[in-house]
Amino acid sequence: MKTYQKQVDDWFKENKWEYWNPLAIVARLFEEGGEFSRLVNHVYGPKKKKLEENVQDMEEEIGDIIYTLICFANSHGIDLDRAIQKSIDKVAVRDKGRY
């Protein structure tokens with residue numbers, strides 16, 4: 001993730017952009033999460049896509065979520081590699097032998 005965090009940060013710096021404020025980023029994260037949820041519901045759930053709705057790509061929707069999380073992490077000095085490792089370690093201990 002360091003590579004992507006740096007790529008996004010460099011791009012922001014090149015364009016002299018500021019990251020959005022934390023609440024705006026979280027709002028965007030939930031918007032992107034909603035788009036992903038809607039797509040999953042269209043593919044796997046009972047609510048099928050209407051003919052006039054735009055085609056969506058699951059990989060792209062996940063990418064939008066990750067991009068938004070990168071923006072939040074970059075604006076707060078959070079190392080996403082360390083963050084995901086902490087979560088993996090936590091789950092490995094908590095759910096050991098669970099499944």
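Source: prediction; values computed, not measured.
With rounding to the nearest 0.5 angstrom, the NZ atom of K2 is 15.5 Å from the CD atom of Q7. Atom-to-atom distance recorded for Y67:OH and R28:CZ is 6.5 Å, nearest 0.5 angstrom. Here D64 contributes atom CG and L29 contributes atom CG; the two are 11.0 Å apart, rounded to the nearest 0.5 Å. To the nearest 0.5 Å, the span separating NE2 on H42 from OG on S37 amounts to 11.0 Å. Taken to the nearest 0.5 Å, the CG atom of L39 stands 6.0 Å off from the CD atom of E61. From K6, atom NZ reaches atom CD1 of I70 across 13.5 Å, with rounding to the nearest 0.5 Å.
Residues K86 and R82 form a side-chain contact, since some pair of their non-hydrogen atoms from C-beta on lies under 4.5 Å apart.
Ring-plane geometry between W17 and F12 is classed as perpendicular, the angle between the planes exceeding 60 degrees on a 0 to 90 degree scale with a lower cut at 30.
A donor-acceptor contact shorter than 3.5 Å is absent between the side chain of Q5 and the backbone of A73.
One hydrophobic cluster, built from ILVMFWY side chains closer than 4.5 Å, holds both M1 and W11. In the hydrophobic clustering of this structure, I65 groups with Y44; members are Ile, Leu, Val, Met, Phe, Trp, Tyr whose side-chain heavy atoms approach within less than 4.5 Å, directly or through other members. I66 and I88 fall into different hydrophobic clusters, where Ile, Leu, Val, Met, Phe, Trp and Tyr residues are linked whenever their side-chain heavy atoms come under 4.5 Å apart, directly or through other members. Using a 4.5 Å cut-off between side-chain heavy atoms of Ile, Leu, Val, Met, Phe, Trp and Tyr, with links allowed through other members, I84 and V91 fall into different hydrophobic clusters.
In terms of heavy-atom proximity, E35 sits nearest to Q56 at O-NE2, 3.8 Å. Residues I25 and S75 come closest through the heavy atom pair CD1-OG, 3.9 Å.
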Might you work through the side chain to side chain contact (heavy atoms under 4.5 Å, CB included) test for V8 and Y19, ending with a clear yes or no? CA-CA 10 Å; V8 169; Y19 288 103; 4.0 Å; yes
Mind running side chain to side chain donor-acceptor pair (under 3.5 Å) on Y4 and N74 for me, showing each step along the way? CA-CA 10 Å; Y4 298 115; N74 284 356; over 6 Å; no
Please test D81 against Q85 for side chain to side chain donor-acceptor pair (under 3.5 Å), starting from the C-alpha separation and ending with a verdict. CA-CA 6 Å; D81 286 317; Q85 191 60 59; over 6 Å; no
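Atom NZ of K48 is surrounded by more than 12 heavy atoms from other residues, nucleotides or ligands within 6.0 Å. Within a 6.0 Å radius of CZ in F30, other residues, nucleotides and ligands contribute 12 heavy atoms or fewer.
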